[in-house]
Amino acid sequence: MDFIRVLLHDTTLSFALEIVLRCIVMYVLIILVLRFSGKRGVRQLSIFEIAIILSLGSAAGDPMFYDDVPLIHAVIVFTVILLLYRFTTYLMMKSDVIETVLEGRPMYIVRNGLLIVEDIKQEKYSYDEFFAEMRQQKIEHLGQVKYALLETDGCLSVLPYSKENIKWGLPIFPDDYKQAEELIVNHHYSCMLCGQTQLLSSLDVQCSRCNCKRWAESKLDCEH
Ligand SMILES: [Zn+2]
């Protein structure tokens, strides 16, 4: 085995520099695509960490079994990507503007048991996704939730009310999140779009908060 060939193959300095340039372009491209795809990170992974995984994926794999891909290429790719990552984190630490542009900012989804509809529309998440996240955190209805925030890494932080402060709220389990068909007098109803909860004189009443006319029976009791 010729170690020099394994390490260098026929790499010239100018090709090494070309790899550096390619890395920079690809890194920026991956960040841009991920950022403008609208989705935030994938559960605990920021878009930067995903960018690293994507960038390094084939750089790590190819030299393992292609005999004409010398290790030095992978070494250059790893070094450049790592430096770019450190550089972007440094920039984000130094500048709030850059941080917001690249990473977004935490966004309120629920405030005092009510959904922040405008903010939810901006994110490319559906109610199903939010409700699923909240269900996993043992939330049964929005009357239990003081705040829910979508973090920049895509996680949902939920701050529930203490037991004695729980109010009537919009149910988020599929069996209960459905349009009411008959009015029960003196029963609370919650707007299915924004979570507004009120007593109704008829099921045709518009929601005072968002003008929607779809009401679900509110919930108060919860197991947790
Ligand atoms: Zn509403």
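Predicted model only: the values in this text are computed from it and were never measured. In each ligand, atom 1 is the first atom listed, and ligand 1 is the first ligand listed.
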Handout entry: Shortest non-hydrogen contact from Gly113 toward Tyr161
Key = N-OH, 4.4 Å
Exercise for the section: Say whether Tyr85 and Ser55, considering side chains only, have a donor N or O and an acceptor N or O under 3.5 Å apart. Expected result: no
Problem - Distance (rounded to the nearest 0.5 Å) between Cys194 SG and Asn211 CG - result: 9.5 Å
Problem - Within less than 2.8 Å of the Zn ion (ligand 1): protein N, O or S atom count - result: 4
Handout entry: Those residues that, when tested against Gln196, pass side-chain hydrogen bond (donor to acceptor under 3.5 Å, both in side chains) (two or more places apart)
Key = Gln198, Ser208
Exercise for the section: Apply side-chain hydrogen bond (donor to acceptor under 3.5 Å, both in side chains) to His73 and list each qualifying residue two or more places apart in sequence or on a separate chain. Expected result: Thr11
Exercise for the section: Applying salt bridge (Lys or Arg N to Asp or Glu O under 4.0 Å), name anything that partners Arg22, two or more places apart in sequence or on another chain. Expected result: Glu18
